[in-house]
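A quick write-up on the structure given underneath.
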Amino acid sequence: MKRSEIAGILAQPKLNEVVMVMGWVRAFRSNRFIALNDGTGMKDLQIVVDFEKFPEDLLSRIKYHACLKVSGMLVESQGAGQTVEITAQSIEILGESNPDEYPLQPKRQTMEFLRENAHFRMRTNTFSAVFRIRHAIAYAVHKYFSDKGYYWMHTPIITGSDAEGAGEMFRVSTLDPENLPRTEDGGINWKEDFFEKATNLTVSGQLQAEIGALALGKVYTFGPTFRAENSNTSRHLAEFWMIEPEVAFNDIFDNMDLAEDFVKYLINYVLTNLPDDLEFLDKRIQEEEKNLPADKRRPMGLIQMLRFVVDNDFARITYTEAMELLRNSKDFKKGRFQFEPVWGSDLQAEHERYLVEKEFQKPVIVRDYPKDIKAFYMRGNEDGKTVAAMDVLFPYIGEVIGGSQREERHDVLLNRMREMNIHESELWWYLDLRKFGGAPHAGFGLGFERMVLFITGMGNIRDVIPFPRTPGSAEF
RNA sequence: GCCUCCUUAGCUCAGCCGGUUAGAGCGGCGGACUGUUAAUCCGUAGGUCCAAGGUUCAAGUCCUUGAGGAGGCGCCA
C-alpha cells in the first residue's frame with residue numbers, strides 16, 4: 001500500500017478507507033492513543049490501538065519519538081481533540097527510541113538544552129514549526145521577486161576584495177598554517193595561496209549585485225554571509241543568510257517602498273499559508289509569558305502583531321528628526337537613556353527601541369544618516385552632511401534592514417573612497433561601473449534570520465537556523 | 001571586546017544565616033486503566049551538588065582560578 005502523508009489526510013479525509021502512514025510518536029496516551037507526526041504539518045494524526053489485538057512486546061516499544069509504520073481504517077474521531085483518527089490494523093516499528101537514553105522528553109525543555117541537541121530538536125513541535133516557517137519565508141522571497149521580474153543573482157561566497165565594508169572577515173586559505181610562505185619583509189606571501197591572493201568569505205553580495213543591477217535592471221541575492229565579529233547577542237550569527245535586492249533607477253524613496261512592501265509580503269505569506277504553525281507558536285509565547293509580570297509581557301500576541309505590521313504604514317523619519325524626537329522625549333529628559341542622543345553619533349539600541357516601541361509603536365524607517373557613520377558607497381545628499389541611507393527598525397529585534405541609494409557619481413565616489421582610505425586598486429571594477437553607463441540605483445540587505453525571528457516570535461536567533469554558528473560554537 | 005548572572009538526579013528546578021542521611025515535579029522502571037489530548041493513579045530506582053584549589057570544627061552554601069552556558073552593551077543584518 002502507498003504511504004499517505006498526514007497533512008494530506010487531515011486536509012481531505014477519505015473516511016472509511018484503509019490508509020498507511022509513517023511517522024514519529026509524539027505521545028502514547030492511556031495505552032491506546034498514539035499521536036503520530038510525519039513532519040508534513042503542525043497537526044498530529046491520532047492512531048487508536050485496541051491493545052488486546054497487539055502483542056504486549058510491540059506496544060511496549062511504542063515510545064516517544066520512535067518511528068512507526070501504521071495502517072488502518074480512517075474514521076471520524078470520538079474524542080474532542082481531533083476530527084479524524086485511524087483505527088490501527090497493523091503497526092510496525094521502523095526505528096526504536098530507547099527512552100532511557102534518548103535526551104528529549106514530552107515536556108518543556110529549555111532552548112539551551114535543545115540547542116545542544118540540535119540533531120533532535122527539529123522533532124519538537126516548536127522547532128518543526130519554526131523550520132517550516134523558515135522554509136515558507138525563503139520560498140516567499142523567491143516568489144515575490146520572481147513575480148516582479150527580478151533575477152536571482154548568485155554572488156560569490158569566496159571573495160577577493162577585503163573592502164566590502166560590512167565587518168570582520170573569515171580568511172579562506174589552503175596554506176599550511178604551520179609553515180606559511182613569507183615575503184622578503186616577513187609578511188605572509190599570499191601569492192602562493194590557492195587563488196594567488198588573500199581571499200575571504202563574503203560579508204555581503206551587494207557590490208557584485210550592483211554589477212547585475214546595472215545590466216539586468218532588477219536583481220536580488222539570497223545566500224549565506226559570514227562575519228567574524230565577536231558578537232555575543234541573541235540577534236547575531238557568524239554565518240547567516242541575507243537577501244539583497246539591487247535596483248537600477250531606484251532612489252532612496254523607491255528603496256523604502258520596496259523594503260516595506262517586501263517585508264509585508266513575507267509576513268502575509270506566512271499568515272496565509274502556515275496558520276497552524278503560527279497559532280502554535282503564538283500559544284507557546286503566551287504560556288511562556290504567563291509567569292512574567294504584566295509590564296514584561298508583549299503588548300500583542302504573535303499573530304495579532306504580525307497582522308498589525310501588515311495593516312499599518314511604517315513610520316518614516318529622517319535621522320535628524322529622530323534625534324529631535326529623542327532629545328525631546330520624556331525618557332531622555334528623565335535620564336532614562338544610557339547614551340545621550342547627539343547628532344553625529346549612531347542610534348543606540350535603546351534609542352531604536354524608544355522610537356519603535358514608544359514613539360510610533362510600529363516599524364520605523366530612518367533615513368539620511370550622517371555620512372561619517374555610514375559606508376563609502378552610500379549616496380551623498382545635497383546638504384553635504386548626510387547620505388541617502390535607510391534602516392528599517394522592528395519591534396523586539398531592532399534593525400532588520402539596512403540599505404541605501406548608491407553613489408553613482410564617479411568623482412564623488414572616488415573622493416569618498418580616498419577620504420576613507422579604501423584603495424582604488426581593490427575596487428577598480430566597482431569604479432568602472434560609474435565610468436561606463438552608470439545609473440542611479442539603490443538596494444538593501446535584509447537579515448533572513450532576523451525576519452524568521454520576528455515572524456516566529458522566537459527569542460534567540462540561534463533557534464531559527466538549524467545549525468547556528470556563533471563565537472566559540474560550531475557543533476553539528 | 002566589555003559588564004552581569006547561572007551551572008544541584010536523564011530533564012526543569014527548590015535547597016533560607018555554613019550545621020543530621022540532598023528534595024520536588026516530569027522522565028525511566030514495575031503495576032493499574034479501552035476515549036486520552038503534556039492522560040491519570042499506586043509503587044520504585046536514580047546524585048563526582050561543573051572542575052581544581054582554599055577558608056572553617058563543619059562547605060551544595062563563603063573565597064580564588066578555570067571550563068561551559070545565558071542575558072545586556074558595542075559592532076551589524
Side-chain angles (χ1 to χ4, degrees), chain A residues 26-35 43-44 46-54 59-60 63-64 75 77-82 85 87 98-117 124-125 164-168 203-206 221 224-244 259 263 283-284 287 337-339 345-353 373-375 391-394 397-403 444-454 459-463 465 470-473 475:
Chain A
R26 288 282 170 86
F28 187 23
R29 287 183 290 268
S30 196
N31 211 12
R32 182 162 169 78
F33 303 101
I34 301 168
K43 288 185 174 141
D44 302 327
Q46 176 155 287
I47 313 292
V48 183
V49 182
D50 185 344
F51 61 62
E52 282 180 350
K53 292 187 183 155
F54 292 91
L59 295 177
S60 70
K63 297 294 186 187
Y64 188 57
V75 296
S77 176
Q78 298 168 40
Q82 57 283 315
E85 65 195 17
T87 309
N98 179 357
D100 213 17
E101 289 164 28
Y102 187 56
L104 267 52
Q105 284 175 27
K107 59 167 273 191
R108 246 189 83 71
Q109 296 183 114
T110 59
M111 288 297 134
E112 292 78 36
F113 175 75
L114 292 168
R115 216 172 283 152
E116 285 164 18
N117 291 281
T124 65
N125 282 329
E164 286 171 356
E168 290 295 310
V203 293
S204 162
Q206 179 206 315
T221 74
T225 315
F226 309 88
R227 305 226 173 136
E229 305 283 351
N230 190 11
S231 295
N232 295 291
T233 83
S234 54
R235 299 179 305 282
H236 289 85
L237 291 164
E239 176 182 302
F240 65 102
W241 288 62
M242 189 153 63
I243 298 139
E244 297 173 288
V263 164
K283 274 188 200 145
R284 189 190 151 269
E287 291 281 316
F337 288 143
Q338 196 189 335
F339 297 90
S345 61
D346 213 344
L347 293 176
Q348 304 291 315
E350 58 179 356
H351 302 150
E352 295 181 352
R353 223 175 299 127
I373 57 171
K374 288 292 178 180
D391 282 354
V392 180
L393 310 176
F394 262 42
I397 54 175
E399 188 180 342
V400 278
I401 286 179
F444 60 80
L446 169 77
F448 181 61
E449 281 76 16
R450 288 195 181 167
M451 202 65 225
V452 181
L453 194 59
F454 181 73
N460 194 313
I461 203 162
R462 289 162 219 186
D463 299 326
I465 188 168
T470 53
S473 173
E475 194 64 55

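The figures that follow rest on heavy atoms only: side chains count, while hydrogens, waters and symmetry mates do not. Here is how names work: the chains are called A, B, and so on, in the same order as the sequence lines, proteins then strands, and each is numbered from 1.
Side-chain atoms of Ser231(A) stay outside donor-acceptor range of the base of rC76(B), with no qualifying N/O pair under 3.5 Å. Glu85(A) contributes a side-chain N or O that forms a donor-acceptor pair with the base of rG35(B) under 3.5 Å. For rA38(B), the base has no donor-acceptor partner in the side chain of Arg29(A) [N/O atoms by modelled type, under 3.5 angstrom].
Considering only the side chain of His236(A), rC76(B) comes nearest among rG35(B), rC76(B), rG69(B). For Pro99(A), the side-chain atoms get nearest to rC29(B) when compared with the rest of rC29(B), rU37(B), rG69(B). Comparing rA77(B), rC76(B), rG35(B) by their nearest atom to the side chain of Gln82(A) picks out rG35(B). Ranking rG74(B), rG69(B), rA77(B) by closeness to the Gln348(A) side chain, first place goes to rG74(B). Nearest nucleotide to the Asn232(A) side chain, out of rA77(B), rG35(B), rC73(B): rC73(B). Taking every side-chain heavy atom of Glu229(A) into account, rC75(B) is the closest of rA39(B), rU37(B), rC75(B).
Remark: Glu352(A) pairs with no residue by the side chain to side chain donor-acceptor pair (under 3.5 Å) rule, at least two apart or across chains. Remark: Phe337(A) engages His351(A), Tyr354(A) in a ring pair (Phe, Tyr, Trp, His ring centres under 6.0 Å) (not counting sequence neighbours). By the salt bridge (charged side-chain N to carboxylate O under 4.0 Å, His left out) test, Glu449(A) is found to be paired with Arg134(A), residues two or more places apart in sequence or in another chain being considered. In terms of the ring pair (Phe, Tyr, Trp, His ring centres under 6.0 Å) criterion, Phe339(A) has no residue partners (sequence neighbours excluded). In this structure Arg26(A) satisfies the side chain to side chain donor-acceptor pair (under 3.5 Å) test together with Asn125(A), sequence neighbours excluded. Applying the side chain to side chain donor-acceptor pair (under 3.5 Å) rule to Arg115(A) yields the partners Asp463(A); only residues at least two apart in sequence or on another chain are considered. In this view, Asn230(A) and Asn232(A) satisfy the side chain to side chain donor-acceptor pair (under 3.5 Å) rule, not counting sequence neighbours.
Considering only side-chain N and O atoms, Asn230(A) lies under 4.0 angstrom from the phosphate OP1 or OP2 of rG1(B). At least one side-chain nitrogen or oxygen of Lys63(A) sits closer than 4.0 Å to the OP1 or OP2 atom of rC29(B). Applying the 4.0 Å criterion to OP1 and OP2 of rG71(B), one finds that Asn460(A) has a side-chain N or O inside that range. At least one side-chain nitrogen or oxygen of Arg353(A) sits closer than 4.0 Å to the OP1 or OP2 atom of rC73(B).
The ring of Phe448(A) does not lie on top of the base of rA77(B); it is either too far (5.5 Å or more) or too tilted (30° or more).
Nearest heavy atom pair, residue Phe51(A) against residue Asn31(A), reads CD2-O, 3.4 Å.
One can place CE of Met242(A) at 13 Å from P of rC76(B), the figure rounded to the nearest angstrom.
With its glycosidic angle within 90° of 0, rC17(B) is assigned syn.
The C1' atoms of rG10(B) and rG27(B) are separated by 7 Å, rounded to the nearest whole Å. Between the C1' atoms of rG15(B) and rG71(B), the separation comes to 24 Å (whole Å). Comparing the same atom, P, in rU37(B) and in rG30(B) gives a spacing of 23 Å after rounding to whole Å. Across rU12(B) and rC17(B), the matching P atoms stand 25 Å from one another, rounded to whole Å. Straight-line distance between the C1' atoms of rA59(B) and rG19(B): roughly 10 Å, to the nearest whole Å. If you take atom C1' in rU21(B) and the same atom in rU7(B), they sit 25 Å apart, rounded to whole Å. For rG53(B) and rG1(B), the C1' atoms lie 29 Å apart once the distance is rounded to whole Å.
A stem is defined here as three or more consecutive Watson-Crick or G-U pairs, each with both distances under 3.5 Å; for RNA chain B these stems are B:1-7 with B:67-73, B:10-13 with B:23-26, B:28-32 with B:40-44, B:50-54 with B:62-66.
For the pair Gln206(A)/Met242(A), no side-chain contact is recorded, criterion being any heavy-atom separation below 4.5 Å from C-beta on. In this structure, Val392(A) and Val263(A) have side chains that are not in contact, with every pair of non-hydrogen atoms separated by 4.5 Å or more. When side chains are defined from C-beta on, Glu399(A) does not count as touching Arg235(A), because their heavy atoms never get closer than 4.5 Å.
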Just the atom pairs and distances: protein N or O near nucleotides 9-12 of chain B's N or O, under 3.5 Å.
| from | atom 1 | to | atom 2 | distance (Å) |
| --- | --- | --- | --- | --- |
| rG10(B) | N2 | Gln105(A) | OE1 | 3.0 |
| rG10(B) | N2 | Gln105(A) | NE2 | 2.5 |
| rG10(B) | N3 | Gln105(A) | NE2 | 3.1 |
| rC11(B) | O2 | Lys107(A) | NZ | 2.4 |
| rU12(B) | OP1 | Thr110(A) | OG1 | 2.8 |

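Using a 4.0 Å cut-off between charged side-chain N and carboxylate O, Lys374(A) and Asp391(A) make a salt bridge.
Where Arg26(A) and Asn98(A) meet RNA chain B, the nucleotide closest to each residue was compared, and Asn98(A) sits on the side nearer the 5' end. Where Glu352(A) and Ala27(A) each meet RNA chain B at their nearest nucleotide, the meeting point lying more 5' is that of Ala27(A).
Ser234(A) comes within 4.0 angstrom of sugar-phosphate atoms only, judged by non-hydrogen atoms across all strands, and of no base. In this structure, Gly445(A) reaches the sugar-phosphate backbone alone: every heavy-atom distance under 4.0 Å involves primed, P, OP1 or OP2 atoms, never a base. Within the 4.0 angstrom heavy-atom criterion, no nucleotide atom of any strand lies near Gln338(A). Within 4.0 Å of Gln46(A), counting heavy atoms only, lies at least one base atom of the nucleic acid.
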